[in-house]
Protein chains: 2
Amino acid sequence: MKESTICPRLAKAMELLGKRWTTLILYQLLEGPQRFNEIESALPVSGRLLSERLKELEKEGVVERKVYTEVPVRVEYFLTDKGKALEGAIREVEKWSQCWIK
Amino acid sequence: MKESTICPRLAKAMELLGKRWTTLILYQLLEGPQRFNEIESALPVSGRLLSERLKELEKEGVVERKVYTEVPVRVEYFLTDKGKALEGAIREVEKWSQCWIK
DNA sequence: ACACCTAGTTACGAAAAGTAAGTTGATGCT
DNA sequence: AGCATCAACTTACTTTTCGTAACTAGGTGT
């Protein structure tokens, strides 16, 4: 790595959000709490990566995980306040894609 | 790949914007036209990847490339209208990072 | 002829992603 | 008891992408 003049906070944010699938997972969670399998079927992402990304997002405090000890077990993921604060950014990307992607 | 219920335009947008460095490169270009070496020194990205990303962005019509046949040659990259239309989204991410990333 | 400058490209080992099969723990079925 | 089922992961393995550093091309200046 080299020195860079860019703002470290933005760089760190993009290190998280710039990973494959991350933003689409968050977009999906804007709909409300969802279980592992729901997210997996909504997106073309594999269980392996989904699991990895959700852990990263949890670690960053963007997403939380709640286990319901039913049978079979149910696990729900949902946005924290930090995660909900990303809605504006995600909606802007959504708008852009509607206008500019054919 | 599996079937997914997510909007294909957003998915395609994220396929571009979700790649490593892409958004930071665009953020950098919000400052105005810049040469290859300027972008390279502003970001911790290598020439190899910068070249690859700029080609992708050019192909998608987000960025344009202008060659000045001076000595030595000068090449400038700048945002098209499609690229400038991303400013809102990028600024939202920037705001989020200022508020939520320590 | 040789060094220098920008703007790349190439080669190659390392890390991340994609795919598919396997694991865990609590049932219910026969 | 033994086996199948279900969600939510996890492992093993192949393919793609990344990171680093060295190299190339075209046009000077010395």
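Any value given below was found using the heavy atoms of this structure, including those in side chains, with hydrogens, waters and symmetry copies removed. Throughout, a chain's letter reflects where its sequence line sits, starting with A, and its residues are numbered from 1.
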Open item on the list: Tell me whether the side-chain N/O atoms of Lys55(B) come closer than 4.0 Å to OP1 or OP2 in dT9(C).
Closed with: yes

Open item on the list: Does a side-chain N or O of Trp21(A) approach OP1 or OP2 of dA16(C) to a distance below 4.0 Å, or not?
Closed with: no

Task: Polar pair under 3.5 Å, donor/acceptor by atom type, side chain Arg48(A), base dA17(C) - done: yes

Open item on the list: Nearest whole Å is fine: how far is dT16(D) P from Glu15(B) CD?
Closed with: 15 Å

- [ ] Please determine, for the side chain of Arg74(B), which listed nucleotide (dA12(D), dT9(C), dA7(C)) has the closest atom?
- [x] dA7(C)

- [ ] Specify the separation, in whole Å, of atom CD of Glu58(B) and atom P of dA7(C).
- [x] 14 Å

TODO: Give the rounded distance in Å between these two atoms: CD of Glu40(B) and P of dT20(D).
DONE: 12 Å

- [ ] Send over the distance from Glu52(B) CD to dT9(C) P, rounded to a whole Å.
- [x] 10 Å

TODO: Give the rounded distance in Å between these two atoms: OH of Tyr68(A) and P of dA26(C).
DONE: 20 Å

Task: Side chain of Ser46(B) (C-beta onward), nearest among dG8(C), dA8(D), dT20(D) - done: dT20(D)

TODO: Apply salt bridge (charged side-chain N to carboxylate O under 4.0 Å, His left out) to the pair Glu92(A) and Lys95(A), showing each step before the final yes or no.
DONE: CA-CA 5 Å; Glu92(A) 284 291 317; Lys95(A) 274 199 292 181; 3.1 Å; yes

Task: Rounded distance (Å) that lies between atom P of dG29(D) and atom CD of Glu70(B) - done: 13 Å

Open item on the list: Taking the minimum atom-to-atom distance to the side chain of Arg20(B), which one of dA8(D), dT6(C), dG19(D) wins?
Closed with: dG19(D)

- [ ] Verify the contact: side-chain N or O of Arg65(A) to OP1 or OP2 of dC9(D), cut-off strictly under 4.0 Å; return yes or no.
- [x] yes

Open item on the list: Nearest to the Asn37(B) side chain among dC6(D), dT6(C), dA17(C), which nucleotide is it?
Closed with: dT6(C)

- [ ] Answer yes or no: does a side-chain N or O of Arg53(A) lie under 4.0 Å from OP1 or OP2 of dA17(C)?
- [x] yes

- [ ] Report the distance from atom CG of Leu49(B) to atom P of dA21(D), rounded to the nearest whole Å.
- [x] 14 Å

Open item on the list: Looking at Arg53(B) and Glu56(B), is any side-chain nitrogen of the basic one under 4.0 Å from a carboxylate oxygen of the acidic one?
Closed with: yes

- [ ] Examine dG8(C): is either OP1 or OP2 under 4.0 Å from a nitrogen or oxygen in the side chain of Ser51(B)? Give yes or no.
- [x] no

- [ ] To the nearest Å, give me how far apart CG (Leu43(B)) and P (dG19(D)) are.
- [x] 12 Å

Open item on the list: On DNA chain C, does the nearest nucleotide to Glu56(A) precede the nearest nucleotide to Tyr77(B) from the 5' side, or the other way round? Give the residue.
Closed with: Tyr77(B)

TODO: Examine distances only and state if a side-chain atom of Glu40(A) and a backbone atom of Gly47(A) form a donor-acceptor pair shorter than 3.5 Å.
DONE: yes

Open item on the list: Can you tell whether the side chains of Lys66(A) and Glu64(A) come within less than 4.0 Å, N to carboxylate O?
Closed with: no

Task: Residue Val71(B), side-chain heavy atoms: nucleotide from dG27(D), dC9(D), dG19(D) that is nearest - done: dG27(D)

Task: Residue list, side-chain hydrogen bond (donor to acceptor under 3.5 Å, both in side chains) with Arg91(B), at least two apart or on another chain - done: Glu87(B), Glu94(B)

